[in-house]
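Here is the naming used below: chain letters follow the sequence lines, and residue numbers restart at 1 for every chain. Fair warning: this is a prediction, and the values are worked out from it, not measured in the lab.
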There are 2 protein chains.
Amino acid sequence: MQVGGVDGLERNGKEAKMGNGRTAKRCELLLRLLALALTLVAAILVGVDKQSAIVPIELVASLPPLNVPVSAKWHYLSAFVYLMVTNIIACSYAALSMLLTFTSTGENIILGSMILVLDTLMVALLFSGTGAATAIGLIGYHGNSHLRWGKVCYVFGKFCGQVAASIVVSVIGAVAFILLVVFSALRLHEKSK
Amino acid sequence: MQVGGVDGLERNGKEAKMGNGRTAKRCELLLRLLALALTLVAAILVGVDKQSAIVPIELVASLPPLNVPVSAKWHYLSAFVYLMVTNIIACSYAALSMLLTFTSTGENIILGSMILVLDTLMVALLFSGTGAATAIGLIGYHGNSHLRWGKVCYVFGKFCGQVAASIVVSVIGAVAFILLVVFSALRLHEKSK
C-alpha cells in the first residue's frame, strides 16, 4: 500500500513535471514570437525611413534665401544600416529558434545549450546596433560643437522620430532575448533534474 | 563486499564531482579576472585619452594659413563617456562577482541564477557601449558627406587610435562575459544534477 502510495506520488510528480514543461515551452514560444515581431517591426521602421525637406540657404545677405531640396535616407548612415541588419538577423534567428523549440521533443541538452549561446549572441548584436544608432541619433539631435558636426533632426523631425521608435522597439526585442537567456538557463536546469 | 564496492564507487564519483566543481570554479574565477582586467584597461584607455594639434586654417587665399591650436578630449563625445562608464560598471561588477563566486560554498541556485542574469546584462551594456563608440569613431574616421560631418581622425590620429584600442579591448571583455553566461548556465545545470 505504502509502495503503491509512493508510486502514485511519483506518477503525480512526473505528470506535474510534464505539465510544467509544456507551460514552460509555451511561455518560451510566446517570448520568441514577441522577439520575432519586435525585431521585424524595428527593421521595417528603419528600412522604410526617408524624408525630404526644403532648407532655405542664405548665400548673400542682401538676396532672399535659396530654397534647396534635401533628403534623409536610412542608408546614408552606416549605424542605421547596422541597426537594420542586426534586427533582420535577430528576427530570422527568432523564427528558426521557434521552429527548433517547437519541433524538439524530450531532454535535448545540446540543443538547449546551443540556443542559450545564440540567444546571448542576439543580445550582444541587438544592443550593439541600438547603441550605434542611439549615438548617431544623439549627435543628429544635439550636434557637437567640438567637432563642428551640426544637428540635423530639426530639419528631419519625422526621420529622426522613426529611427528613435525603431531603437526603442529593438531594445524591447533585446530585452525579450535577455529573458530568453534566463529562461533557457532555467530550462537547462529543469531538464537536468 | 558488493555493497562496499558500490559505496567505493559512489565515494569516487562524489570526489570526482567535487574535483570537477573546484576546476570549474577556478576556470570561472580566471574568466572573471580576465573580464575585470580587460574592462579596466578599456576604461583607462578611453579615460586618459586626449590630444592637442595645430591645424592650419586659410582665412584669405593671399595670406599664409593661420595655425590654430585644437584639442580632442574623451568627454567631448557622449559615446566615449558612455564607453568608459559601461566599462567601469562591468569592471566593478566583475570584482564583486569574483568575490561572490570565491566566497560562495555549496549549491546556491539563487546566487547562480542572479549571477547569470547580471552577466547577461553586462554583455548588453558592454556591447551597447562599444557599438556607440564604434559608430562615432567611424564617422570621425570617414566623415559623412550627406550630413556634412567632417572627418577628424586625420588630425587626431593618436586620439582615434586609442579609442579604437579601447573598443577592441572592451569587445574582448564582453566576449569573456558571454563565456561566463554559458559557464554560469552549465554550472547551474551541474549543480542541479
| task | Dump the intermediate steps for side chain to side chain contact (heavy atoms under 4.5 Å, CB included) on B/I139 and A/L77, then the final yes or no. | result | CA-CA 9 Å; B/I139 301 268; A/L77 278 157; 3.6 Å; yes

Indicate if [X] and [Y] have the same hydrophobic cluster label, given that clusters are the connected sets of ILVMFWY residues with side-chain heavy-atom separations under 4.5 angstrom.
X: A/V70; Y: B/L147; value: yes
X: A/L138; Y: B/Y82; value: no
X: A/L111; Y: A/L121; value: yes
X: B/M98; Y: B/F102; value: yes
X: A/L99; Y: A/M114; value: no

| Atom NE2 in A/H146, atom OG in B/S71: separation rounded to 0.5 Å? |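 Answer rounded to 0.5 Å: 8.5 Å.
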
Do any of [range] have a heavy atom less than 4.5 Å from a heavy atom of chain B, and if so, which, in residue order?
range: residues 176-183 of chain A; value: A/I178, A/V181, A/V182
range: residues 32-54 of chain A; value: none
range: residues 123-133 of chain A; value: A/V123, A/A124, A/F127, A/S128, A/G131, A/A132

| query | Which answer fits B/T134, side chain, backbone, both or neither, if we ask what part of it has an atom under 4.5 Å from a heavy atom of chain A? | reply |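 Neither; nothing under 4.5 Å.
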
| field | Pairs meeting criterion ring pair (Phe, Tyr, Trp, His ring centres under 6.0 Å) with involvement of residues 148-171 of chain B, two or more places apart | value |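 Listed by first then second residue: A/W149-B/W149.
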
| Ignoring hydrogens and geometry, is there a side-chain-to-backbone donor-acceptor pair from A/N144 to B/Y76 under 3.5 Å? |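 Checked: pair present.
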
| request: Please flag which part of A/L116 lies under 4.5 Å from any non-hydrogen atom of chain B: side chain, backbone, both or neither. | output: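 For A/L116, the side chain is the part near chain B, not the backbone.
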
